[in-house]
Structures are given as C-alpha cells and as structure tokens.
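Since the structure comes first, as structure tokens, the remarks are kept for the end.
Bear in mind the structure is a predicted one, so any value in this text is a computation, not a measurement. Below, all heavy atoms of this structure are taken into account, side chains as well, without hydrogens, waters or symmetry copies.
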Amino acid sequence: MKRGHMIILTAGILLGGCFATAGGLLSGLERLSLTPPAPVATQEHIVPARDSFVEIPVSASFADLERLADERIPEAVYDAAARPLDVPTGKAAGDLHVRRSGKATLRSDGKRLIFSIPLAFTSRIKWEAEFLGLRPSTNQTPSGAFILTISLIPSFTDDWELHTSPDISVEWKKKPSIELLNQTIGIAGLLEDLMQSRFREEAGVLDRVLNEQLRLRERAAEQWRALHSPIRIRSTPDVWLEVEPRGIYRPVVRMDRKTLTVTLGMVAGLRAAAGASPPERVETLLPKFSKGIPRSRGVDVQLRLSMPYDVINESLVPVWKGIEFHSDGARVTIRDLKISGNGDRLVVAADIKAQGPGFFSKAEGVIYLTGVPVLDRAAQMVRIDRFDFDPSTLSGLAARAAWLAKPTFVRSLQSRLAWSIARPLDDARSAVRDALSTAALDEHFVLTGTLDELTLDDITAQEDRLSVLTSIKGRLSVRYTP
C-alpha cells in the first residue's frame, strides 16, 4: 500500500473514533441515577372521635304491659276465712274472696302510670247476737264489684334503683251490704280498708321485687363492658362500629297514650370501619351518672376512608400519560409515575424523558418529588401541597441537568396530581348510613336513626395508603324490641 493511502486510512480511523466519542458528548443525554428519599417511619395519626349522644330508649307498649299484668296478677287477689267484721250490734265474721273479673287496662296522665283491674267480691258472712234472752243469727252472701286502680310514678336513684311511689284507689260499681234487723249495713268501707292494709303491706316490697327482677345496674354494667368490643353492623363487605363509652346519664321515664319509654343517654366516641375487625378496647368500669344535660343530642360517627396507593396511581394515569409538560423551554414526558407514602409526606417517583432548551440537552431517568396531602373539601378532592423536588433529586439535577430543576415544571405537575374522593366517599357513607339505620345488635336491641350530613375532617399519609377522616352526623338511637 502506498504511504499516502496508509496515512489517509489511519487518519480516517482516528477521526471516526473521535467523532464517535464526540457524538455521545455532543448529544448531551444524561442518564439520571438519583437517590430516592430516605425512609421515614410512618406513625398512625389518631384523631379522637367527637362526642356523640346516643339515646338508648327501652320502650314497651301499653298493650304489652297489659298482657304482662294479666300474666302476673293472680286470679285470686284476696282470701280470708272467718274474718271478723265490725257491725253496729252483735258479732259477724265471714269468708271473704276477691277475684279478677276482667283484663287489666293501662293509661297515663303524663306523669303517672295507672293500672285499672276489675275485681269481684264474694263472701259468706255469719252474724249472731244475744239480747233479751234471744239469740238471733243469719247467714248471708253479699257480693260486689269494683275497679282497683294502682298508680305509679317511676324514677331512678343515683344507685340505679327504681322507685315507683305507688298509690291505690277503689271505685265501686256495686257495693256489697248485709241486712241486719231490717237495716242495710254497707261493708264496702271494710273491704276498702282491707285492700289499703294489704297494699301497704306489699307496697314496701314492690320496689325491691321490681329491682331484683330488672337488675338494672348489673345489666347496664354488662352492656357497658360489651360496648368495648367492635360491633359488626354489616356483612359483605364487613362494616364495624367502634364505641368508646365516655359517660352515662340518669334514665329518664317518659310516657304517652300508648307507650312507656325509659331512655338512657350515653356519650361516646363512635367510629365506623370497613374490613377486618378492629381490636377490642380496654374495658372501663360503669361510671356514675353524669351531671347536668349533654352538650349535644346529635350523633357524629367518625369514618376513616382508606385509599391504597395502587388505586390512586391507577386513577392518575390519564393525567400524565401521553402529555408533554413544558417548562422554561424544556419539554418533559412522563413514562411512569408512582405515588407512595413516606412518614407524613407523599413521594412522587416520575420516570421521565426530557429535552432541554439546547439541542444537545437531554435527560432521562427517575426523579423524586415530595409533598403533603391536603383536602379540598368543597370539591371533595385530594391535592398535594408544599410540592417540590426532593433535596437529593434537586442536588443531582443541579449537577447534571440544571435546566430541568425549574419551579414551572413542578407547578405544572402539581396542578394535575389531584384526584376525586367523591365516589368512594359516597359509597362508604351509604354503607355506614344504611348499616346504622337498621342494625340488629342482638335479638332485642336494634340501632335506628338517620345519618345525613357528611364532613371531611383530616387526611394523613400512611405507608401503603392515604387515610381520610370523615364524619357523618345525624340522630341515632337503640330500640328495644321484646
């Protein structure tokens, strides 16, 4: 080979190598390898549930109470054999019997509970006397009919004892009498005295027997302990009600024309949760009755809505996919974007490909931005506040692609990273509202009420999800069905 050709070939090889090397440099492509934010431990952000006033009315219809009275009041109300009777002359004694003659009825005057029991009186009375050597005598069977009325004023003491303050009266429909020496001697007053005497003997034990049967304090303590365990109020999906009992008010007795209601007022924190059963709370003892009246008679159910990041990321794909972001002469395309939690902040990891203002200014790789989740209550949206490049990303860009580290790109991306929670919020609200409206706590107690007003209270970032704290307000009571 001629010497000139060798020189040209050698120069061409060297020049080609130089151009190949220079081509990579002149293209300006920076393959970014940036450090993600340092992990920060996530702490559960617990917001105490607001006070809710839950009414627990135990109601019984007068019809049910009348049936109960018919079952408990014996047919034979009073029996006495050879009972001495007070008569103007001579001596008298008789076998006296009082029997039920009809069903008990119940009414109320607004303060008193009034039982009326129809009764029939029968007797066999022997009278005898001695005067002027004569011994007159007679056997008679006087009878009568009357209504025995028992009125009660139920109330409760600080020790959960029921007091009834009972009183009775007698209304005669047919007064009994006997004929002695052509005179009519009434014995209705005698029978009334017997009824009053018998009633005074038993009135003292009435409250004691009622309290032994009701066991109010014992049952209240049992229910108080039971409230510390989560209550399943719906299945498929599971919805649980957590009750944090805080105070209890003295039972109030009310009555109308058809119903007797004993209402126990309780102040508690209420939370609704979906999914697995929440843990049981540490039990507390049944407290003394709270003084005064509750500040509010409304119910505020705390509802925590969980939004997993994978669901959020899927919903955000349309806001960045296929969209070119412009920033101070640069163009940025996002190839993938993931949001995750880190402490109380959100981390946005964006896999980008960017073209800078210069022809040879290019970069690609994963960059990291962080911010704090905030609620847009009016729009029912979640947005990211205090959004900016993570310090490690910012320092890496400053060294290798400073043209990308511009606030314009950050603001443009921030404006798109917002998502609606209206649909999951409505679904959760409907599930809890429907469940609490008619939930059976057991075979006797049923939750009833209305829950309509919803508010957004707080939002926190967790390791695997966003947690939105909401509350549903309304009225709620626990109805007793025998």
Ionic contact status for [Y] with [X], cut-off 4.0 Å:
| X | Y | value |
| --- | --- | --- |
| Asp51 | Arg246 | yes |
| Glu171 | Lys173 | yes |
| Asp86 | Lys91 | no |

Tell me whether [X] contacts the main-chain N or O of [Y] through its side chain, where contact means a donor paired with an acceptor under 3.5 Å.
| X | Y | result |
| --- | --- | --- |
| Thr259 | Ala60 | no |
| Arg225 | Leu286 | no |
| Gln302 | Leu270 | no |
| Asp385 | Gly371 | no |
| Tyr368 | Ala350 | no |
| Gln414 | Ile384 | yes |
| Asp95 | Ala82 | yes |
| His228 | Glu280 | no |
| Asn211 | Glu161 | no |

Partners meeting salt bridge (charged side-chain N to carboxylate O under 4.0 Å, His left out) with [X] (sequence neighbours left out):
| X | result |
| --- | --- |
| Arg250 | Asp158 |
| Asp388 | none |
| Asp376 | Arg383 |
| Arg411 | none |

Heavy-atom closest contact ([X] atom, [Y] atom, distance):
| X | Y | value |
| --- | --- | --- |
| Ile168 | Met195 | CD1-O, 3.9 Å |
| Ser151 | Ile114 | CB-CG1, 4.1 Å |
| Ile459 | Pro373 | CG2-O, 3.5 Å |
| Asp458 | Arg377 | N-NH2, 4.3 Å |
| Arg345 | Ala461 | O-CB, 3.8 Å |
| Gln462 | Ser467 | CG-CB, 4.2 Å |

*Mind running side chain to side chain contact (heavy atoms under 4.5 Å, CB included) on Leu152 and Phe115 for me, showing each step along the way?*
CA-CA 8 Å; Leu152 310 172; Phe115 283 94; 4.3 Å; yes
Going by atom type alone, with no hydrogens or angles, which donor-acceptor pairs under 3.5 Å involve a side-chain atom of residues 116-137 and a protein atom two or more places apart or on another chain?
{"residue": "Ser123", "atom": "OG", "partner": "Pro142", "partner atom": "O", "Å": "2.9"}
{"residue": "Trp127", "atom": "NE1", "partner": "Thr89", "partner atom": "O", "Å": "2.8"}

Measure the shortest side-chain to side-chain distance between [X] and [Y] over non-hydrogen atoms and say whether it is less than 4.5 angstrom.
| X | Y | value |
| --- | --- | --- |
| Pro154 | Leu162 | yes |
| Ile421 | Met307 | yes |
| Ile248 | Trp224 | yes |
| Thr460 | Leu466 | no |
| Leu316 | Leu417 | yes |
| Leu337 | Val348 | yes |
| Phe389 | Thr370 | no |
| Val468 | Leu375 | yes |

*Using the side chain to side chain contact (heavy atoms under 4.5 Å, CB included) rule, take Thr149 and Ile147 through it: C-alpha gap first, then chi angles, then the decisive distance, then the call.*
CA-CA 6 Å; Thr149 299; Ile147 302 295; 4.0 Å; yes
_Test of understanding: with side-chain hydrogen bond (donor to acceptor under 3.5 Å, both in side chains), list the residues that count as partners of Thr455, not counting sequence neighbours._
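If we apply the side-chain hydrogen bond (donor to acceptor under 3.5 Å, both in side chains) test to Thr455, skipping adjacent residues, the hits are Asp457, Ser471, Lys473.
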Which residues pass the ring pair (Phe, Tyr, Trp, His ring centres under 6.0 Å) test with [X], not counting sequence neighbours?
| X | result |
| --- | --- |
| Phe146 | Trp172 |
| Trp419 | none |
| Tyr78 | none |

First locate atom [atom1] of [X], then atom [atom2] of [Y], and finally report the distance between them rounded to the nearest 0.5 Å.
| X | Y | atom1 | atom2 | value |
| --- | --- | --- | --- | --- |
| Met255 | Leu260 | CE | CG | 5.5 Å |
| Thr105 | Asp70 | OG1 | CG | 9.5 Å |
| Leu216 | Asp159 | CG | CG | 12.0 Å |
| Gln196 | Asp167 | CD | CG | 7.0 Å |
| Thr164 | Ile153 | OG1 | CD1 | 9.5 Å |
| Lys103 | Ile73 | NZ | CD1 | 11.5 Å |

*Check the side chains of Ser392 and Asp390 for a donor-acceptor pair under 3.5 angstrom, ignoring hydrogens and angles.*
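Note: Asp390 and Ser392 side chains meet the donor-acceptor criterion.
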*Any side-chain donor-acceptor pair under 3.5 Å between His97 and Asp79?*
yes
*Can you list every salt bridge (Lys or Arg N to Asp or Glu O under 4.0 Å) pair that touches residues 104-117, not counting sequence neighbours?*
none
_As a test of understanding, state which of Trp160, Tyr249, Phe156 forms a ring-ring contact (aromatic ring centres under 6.0 Å, His included) with Phe289._
Trp160
*Do other residues, nucleotides or ligands put more than 12 heavy atoms under 6.0 Å from Glu314 CD?*
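Result for CD/Glu314: open.
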*asked:* Filter on ring-ring contact (aromatic ring centres under 6.0 Å, His included), then keep only pairs touching residues 254-283, sequence neighbours left out; what's left?
replied: none
Distance-only criterion, 3.5 Å: show the donor-acceptor pairs between side-chain atoms of residues 176-191 and protein atoms not counting sequence neighbours.
{"residue": "Glu179", "atom": "OE1", "partner": "Thr184", "partner atom": "OG1", "Å": "3.2"}
{"residue": "Glu179", "atom": "OE2", "partner": "Thr184", "partner atom": "OG1", "Å": "2.6"}

*asked:* Pair Leu194, Leu96 - check side chain to side chain contact (heavy atoms under 4.5 Å, CB included), show working.
replied: CA-CA 10 Å; Leu194 292 176; Leu96 311 179; 3.7 Å; yes
